[in-house]
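Convention: sequence-line order gives letters A, B, ...; per-chain numbering from 1.
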Protein chains: 2
Amino acid sequence: MTSLVLPPEPHGRRERRVQELLFDIKDAALDQLAEGGDGLSYRAIAARLGVSRATLRYHFPSRDALIEALVADGVTTLARALRSSLDRTRSAPSERRWRAVAHAYRDWALRHRRHYRLLAGARADPVLAVFAELAGDDAALTVHAGLHAAVVREMDARPDTERFDAEVLDLVRLVDGYTA
Amino acid sequence: MTSLVLPPEPHGRRERRVQELLFDIKDAALDQLAEGGDGLSYRAIAARLGVSRATLRYHFPSRDALIEALVADGVTTLARALRSSLDRTRSAPSERRWRAVAHAYRDWALRHRRHYRLLAGARADPVLAVFAELAGDDAALTVHAGLHAAVVREMDARPDTERFDAEVLDLVRLVDGYTA
DNA sequence: GTCTATAACACGATAGAC
DNA sequence: GTCTATCGTGTTATAGAC
């Protein structure tokens, strides 16, 4: 399972090769990110793929542009995971839906730690949209902040599902207080 | 008003000069941070202060070490501001204390925006300690997440004291539910 | 212990020639 | 698209002055 957005079916072969290259570049970037160290070396990515730095630069004009693309992909796939768990529990009681979405969030974050860390501080509107559906527009940001805090703690420590669930319960009580 | 930790009274003149230098370095770093741009240039700080890069490196071995020091100072001064407002309202009713602390938090964040942003994600134990005093150990993290969410929203939008107070009230109700 | 000078390295960014 | 040269940056290291 990847944390990248799969490209849509392309029209011609040329376009397809370009889409594949974009995917490969981002994939290599994530790989390098996952391998450790803090960095994300533009040069190393180019070398790994066997393309020139200039080629890389043609598609991603700067290192920040590459990271931006990774962030956008991350937000999209995270939001998809959340929405999927929301859809699957369409007819379930509210608490179950909350639990499902919260765990989807946590699972994605823990499964793609470095990618998730990249998302911190970024505008995550698609993600907020899912929370807004569950808790209302005003509470979406609070929910996000709360989940983020809970997940970040588990990144450094050992995951503790019981504790996580308790925190989610607190969060639900808070935002229920909003709408009630 | 600065957002840096003022050095304690030093013993000799030598030690005093060092403390002043450390202060000046961090002050210059914050200045450069405040001036805009994304960066925080190690070289530029040295140039601005008229000290050699090697000197800077002697006290702060890496750029990250400097940032780390800024974060530590930020957490400390933020916590001091919170504790101060807590102490000043020692004999006041609970709601007033909450309001004082929440506003102290918000004021510091809005007054030192870039410095505050630096603190996001960092371990802020001294800050949590104040919240724990107000709301109990278990609720401290939730309070922090809630206040953070409220403040971050105001960073991009216009500050709205009425709305902020309403959010704090929600937060208080939540954590009162804990202890009651 | 504090500070300076200097060199060397890897990296990201940019511009121009082909 | 590609290559090359050049720049500014963070970082490491060494040697020495006060």
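Whole-Å rounding puts the B:Tyr58 OH to D:dT14 P distance at 17 Å. As rounded to whole Å, 15 Å separates atom C1' of D:dT9 from atom CG of B:Leu66. Distance CG (B:Leu56) to C1' (D:dT11): 13 Å, rounded to an integer number of Å.
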Subject >> Contact letters for nucleotides 12-18 of chain C, in which S counts primed atoms plus P, OP1 and OP2 and B counts the base, heavy atoms under 4.0 Å >> reply: BBB----
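Comment: A:Glu133 engages A:Arg83 in a salt bridge, judged by a side-chain N to carboxylate O separation of less than 4.0 angstrom.
Here A:Ala44 pairs with A:Gln32, A:Ser41 under the side chain to side chain contact (heavy atoms under 4.5 Å, CB included) rule; sequence neighbours left out. With sequence neighbours excluded, the residues that form a side-chain hydrogen bond (donor to acceptor under 3.5 Å, both in side chains) with B:Arg123 are B:Asp125. Applying the side-chain hydrogen bond (donor to acceptor under 3.5 Å, both in side chains) test to A:Ser62 and every residue at least two apart in sequence or in another chain returns nothing.
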With a 3.5 Å cut-off and sequence neighbours excluded, list the donor-acceptor pairs that the side chains of residues 66-76 of chain A form with protein atoms.
| from | atom 1 | to | atom 2 | distance (Å) |
| --- | --- | --- | --- | --- |
| A:Asp73 | OD2 | A:Val5 | N | 3.4 |
| A:Asp73 | OD2 | A:Lys26 | NZ | 2.9 |
| A:Thr76 | OG1 | A:Ala72 | O | 2.9 |

Solution key, residues 90-100 of chain A side-chain donor-acceptor pairs under 3.5 Å, sequence neighbours excluded:
| from | atom 1 | to | atom 2 | distance (Å) |
| --- | --- | --- | --- | --- |
| A:Arg97 | NE | A:Thr89 | O | 3.1 |
| A:Arg97 | NH2 | A:Leu86 | O | 3.1 |
| A:Arg99 | NH2 | A:Asp165 | OD2 | 3.2 |

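Residue order along DNA chain D, read from the 5' end via each residue's closest nucleotide, puts A:Ala54 first among A:Ala54 and B:Ala54.
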